[in-house]
Amino acid sequence: MESTACASNRPLGAASAEQYSYFHDESATIKLYPAVSTATPWTMNAHVYLESSSTLKSTTPLAGVEQTHTPFADNVLKLISRYSMRRLLIRVGDVASANTADDNDIPHDVDQLLREELARGPSGTSVLASFIESDIEGGHHSNKNNRHSKEYYQYKYASLLRYLLDNNLFPPCGAPLDSVRVRKHGHSTIVQTPKNETRQKNNSVEVESFLAADAATFCNPGIQALLLSKGARTGEGGWGAATNNGACHPDKNWGLFDSLFPSTSPSSSVALSDLLLKSSLDSVLPSPLQKNANKRHSIWIDMTISDPCYNAQLGPEDDLCTVHISRGTSYQIGLPSPSLQNAGDEQKLVLDLSLGDLILGNKREESKAWHPCPLSDSSRVSLYTPTGFTHKIAERTGLISNNANDEVDGGKLEFNALNWEEGYFDLSAPWTQIYQNEQGSNEGKPSSLFGISRTVQRPLGLSSIGTLVSVFRYDQTASQHHSASVQVESLDVLPGALIKPKINTLRMMLYEGEGAGKDCFIPPLNTSECSSNQSSYLRCSEMLLSDLQSHNLVLNSDGTWLIERTVMLNPDSSLWMMIDFDEAYLPFQKFPADANRGIDAFPSRAKFSIEAATPITLYSSSLLLLPPVPDMSMPFNVISLSCTLWAFVLGSLLNVLTKRATESVKTDFTGEKEKRPIDKLRDKLKDKIGRLKRVIKMEPTTKAPRA
């Protein structure tokens with residue numbers, strides 16, 4: 001569907017009279033899951049995904065043309081013109097997506113799986129840029145002669161980050177951009193060519209770096225830069241103002257983010273900060289599920305650009321220049337507790353929820369209503385509920401494919417926000433009633449299906465030699481219907497600036513059965529406790545690089561190793577990779593300001609693929625490596641002692657030279673000749689002899705009296 005107001009007959013630029021098309025979509029996805037409460041037999045929490053996407057299609061390339069009269073702001077179009085990219089992905093999260101739960105009772109669609117994939121990522125702030133390797137702006141393709149080095153893409157990546165910061169397209173607080181750009185802070189920048197490039201005419205080079213900021217970018221300026229549209233006219237707004245929020249002006253508080261978190265309210269971003277910082281979790285997850293549940297809160301910006309946007313000679317009519325920008329956030333909230341109500345001849349626990357309860361929890365004081373953008377192509381609310389719980393939907397909610405008063409059992413429900421009367425919905429108005437069936441379950445989230453972890457072992461001390469351990473697991477008990485093997489494509493980064501990896505010590509162990517795929521599995525110390533026999537309970541076998549489906553070892557100029565592996569894991573199995581390293585002594589200019597804190601190392605990354613299902617990418621937590629740190633006060637001590645010594649030497653020399661000069665001037669002025677040393681000695685002797693004679697004459701000569 002083409003937006004009539006957005007896709008009007010407007011020229012793309014001064015030099016072009018072609019037309020463009022603009023599309024905008026909004027979605028709010030709420031996934032309910034049971035939680036344990038001490039006050040009531042059951043209660044629920046919600047995982048919320050909010051996403052707003054904008055798409056611009058043009059029959060002319062966007063690179064190198066002055067853009068006017070488009071819904072996208074100039075800073076975004078200039079970004080596309082200056083840097084030839086296929087994708088730019090910015091993600092901010094408080095924890096790493098180290099595991100994932102397989103919700104058996106909730107069917108997923110492709111859009112929701114892709115949305116959850118964007119919500120995953122490493123802890124802190126990460127920026128991924130996929131540059132086009134060849135210079136297709138000039139119309140020629142890449143070859144071995146015009147390919148650039150890794151250092152070229154690192155400099156280009158640093159320039160891209162600076163542009164994002166200068167144009168308010170990057171969080172200006174919490175995670176300093178210089179900490180990502182400057183290598184002395186230890187944040188590795190990965191430069192690699194991704195796989196599966198056969199369908200592309202021109203290869204791409206992916207550059208990625210991260211900064212473990214511990215959710216510091218969930219501050220108000222960071223949220224304004226990534227999500228909200230405040231300051232669209234003055235240029236202060238970030239990505240929300242850059243994409244024009246679906247051609248809806250933010251002063252009207254239209255659209256998904258600007259309605260729920262109005263830009264006219266000074267506390268709008270504060271409310272969103274509270275949600276992302278988990279202050280709205282009223283219900284508490286049960287302790288057995290805390291370690292398995294993925295409690296990541298995140299913000300993401302995903303921009304994709306098609307190749308025709310850089311090519312002056314476009315192909316067929318369906319091969320258009322397409323720019324797609326998605327901005328979204330995901331967080332968890334606690335829902336109110338159910339109350340006991342009469343249902344016929346019996347009483348049931350019923351959970352009365354409004355739309356504000358489902359999306360904002362207890363942080364909806366400033367938000368009154370949701371005004372979907374009337375120029376959007378779609379604006380929907382999706383509600384996922386576990387099996388065993390029944391909905392009674394309120395009227396005028398825009399429920400699709402069901403009558404308003406029908407009772408719907410579990411699964412997915414969709415609501416069309418564009419069908420709301422008067423064009424908005426009051427957040428405090430009733431939305432649904434939920435009660436538990438007799439077959440309902442209150443077991444909470446299932447255990448994790450896939451998992452990844454990375455640890456470091458340093459038995460001789462925090463700054464000594466040690467072993468890096470990376471683990472990839474596939475838990476069969478999390479989903480019994482998954483019996484197929486999973487393909488794992490992993491990447492490990494061994495920072496050569498922090499440690500000295502010994503590749504010859506690389507070893508891999510595969511464990512199968514007896515709960516080897518669980519996150520609590522601990523391998524036996526002695527391999528004799530397990531056997532390679534298929535009939536034994538716990539099977540273990542040592543794997544070589546040649547036993548893997550594929551592998552690739554890349555050594556960078558700074559000593560950093562990139563280890564890529566592809567392996568097939570059976571259900572209830574885990575692969576353990578160990579590699580020893582020696583300590584590395586850093587030059588003093590490479591130490592950060594807080595050297596005793598340690599330096600963050602790039603996390604491990606793994607993509608899990610089962611048959612034709614959507615791949616799932618997970619990240620391990622970043623390691624905090626402490627290199628050997630010298631006594632930082634020693635330079636001060638050396639400087640102090642050196643200055644004291646020089647002060648003594650120079651002071652004494654200056655005193656001697658000044659005294660000699662004074663005597664010389666006195667002699668020249670009075671005409672007296674300076675006595676010889678022998679004369680001075682003779683005068684001193686005469687003076688002492690004279691004193692001695694005077695003392696002897698003054699002594700009395702009285703005699704002692706007789707007895």
Please identify each residue that fulfils side chain to side chain donor-acceptor pair (under 3.5 Å) with [X], with sequence neighbours left out.
X: Ser621; value: none
X: Thr304; value: none
X: Asp302; value: Arg87
X: Ser326; value: Glu51

Taking [X] for its side chain and [Y] for its backbone only, find out whether a donor-acceptor pair lies under 3.5 Å.
X: Glu117; Y: Thr617; answer: yes
X: Asp572; Y: Gly517; answer: yes
X: Arg296; Y: Val95; answer: yes
X: Arg565; Y: Leu545; answer: no
X: His24; Y: Ser53; answer: yes
X: Tyr163; Y: Arg82; answer: no
X: Ser298; Y: Ala119; answer: yes
X: Glu26; Y: Leu256; answer: yes
X: Ser130; Y: Arg86; answer: no
X: Ser622; Y: Asp600; answer: no

Quick one: are [X] and [Y] in side-chain contact, heavy atoms under 4.5 Å?
X: Trp561; Y: Val493; answer: no
X: Ser330; Y: Trp300; answer: yes
X: Thr467; Y: Ile579; answer: no
X: Val127; Y: Leu88; answer: yes
X: Arg162; Y: Leu160; answer: no

Rounded to the nearest 0.5 Å, what separates atom [atom1] in [X] from atom [atom2] in [Y]?
X: Trp239; Y: Arg327; atom1: CH2; atom2: CZ; result: 11.0 Å
X: Thr329; Y: Ile299; atom1: OG1; atom2: CD1; result: 5.0 Å
X: Thr566; Y: Glu564; atom1: OG1; atom2: CD; result: 8.0 Å
X: Trp576; Y: Arg473; atom1: CH2; atom2: CZ; result: 10.0 Å
X: Asp492; Y: Ser470; atom1: CG; atom2: OG; result: 3.5 Å
X: Leu618; Y: Asn99; atom1: CG; atom2: CG; result: 7.5 Å

Q: For Thr55, enumerate each residue passing the side chain to side chain contact (heavy atoms under 4.5 Å, CB included) test, keeping only those at least two apart in sequence or located in another chain.
A: Phe23, Lys57, Thr322, His324
Q | Set of residues satisfying side chain to side chain contact (heavy atoms under 4.5 Å, CB included) with respect to Leu623, sequence neighbours excluded | A | Arg454, Val456, Leu468, Ala601, Leu625
Q.
Closer than 4.0 angstrom, basic N to acidic O: yes or no for Arg605 and Glu208?
A. yes
Residues in ring pair (Phe, Tyr, Trp, His ring centres under 6.0 Å) with [X], at least two apart?
X: Phe521; result: Tyr511
X: Tyr155; result: none
X: Phe131; result: none

Can you give me the closest heavy-atom contact between [X] and [Y], atom names plus distance?
X: Arg91; Y: Gly121; result: NH1-CA, 3.8 Å
X: Pro495; Y: Thr560; result: CA-OG1, 3.9 Å
X: Leu169; Y: Ile90; result: O-CD1, 3.9 Å
X: Phe210; Y: Ser123; result: CD1-O, 3.7 Å
X: Ser52; Y: Phe257; result: CB-CE1, 3.7 Å

Q: Kindly determine whether Ser453 and Phe472 satisfy side-chain contact (heavy atoms from CB on, under 4.5 Å), including the steps that lead there.
A: CA-CA 7 Å; Ser453 63; Phe472 313 97; over 6 Å; no
Q | From Glu116, His47, Gln112, residue fulfilling side-chain hydrogen bond (donor to acceptor under 3.5 Å, both in side chains) relative to Lys31 | A | Glu116
Q. Ring centroid separation for Tyr474 and Phe608, is it under 6.0 angstrom?
A. no
Q.
With salt bridge (charged side-chain N to carboxylate O under 4.0 Å, His left out) as the criterion, how do Asp580 and Arg507 come out once you've worked through the C-alpha distance, each side chain's angles and the decisive distance to 0.1 Å?
A. CA-CA 9 Å; Asp580 300 334; Arg507 52 198 183 276; 3.3 Å; yes
Can a side-chain donor-acceptor contact be found between [Y] and [X] if the only test is distance below 3.5 angstrom?
X: Arg115; Y: Thr29; value: yes
X: Gln332; Y: Tyr33; value: yes
X: Ser604; Y: Tyr619; value: no

Q: Go through the steps to decide whether Asn45 and Ile333 satisfy the test side-chain contact (heavy atoms from CB on, under 4.5 Å), and finish with yes or no.
A: CA-CA 6 Å; Asn45 287 338; Ile333 58 174; over 6 Å; no
How would you list, by chain and number, every residue that makes a salt bridge (charged side-chain N to carboxylate O under 4.0 Å, His left out) with [X], sequence neighbours excluded?
X: Arg458; value: none
X: Asp25; value: none
X: Lys502; value: Asp582

Q | Leu413/Val381 under side-chain contact (heavy atoms from CB on, under 4.5 Å): CA gap, chis, key distance, verdict | A | CA-CA 8 Å; Leu413 299 176; Val381 179; over 6 Å; no
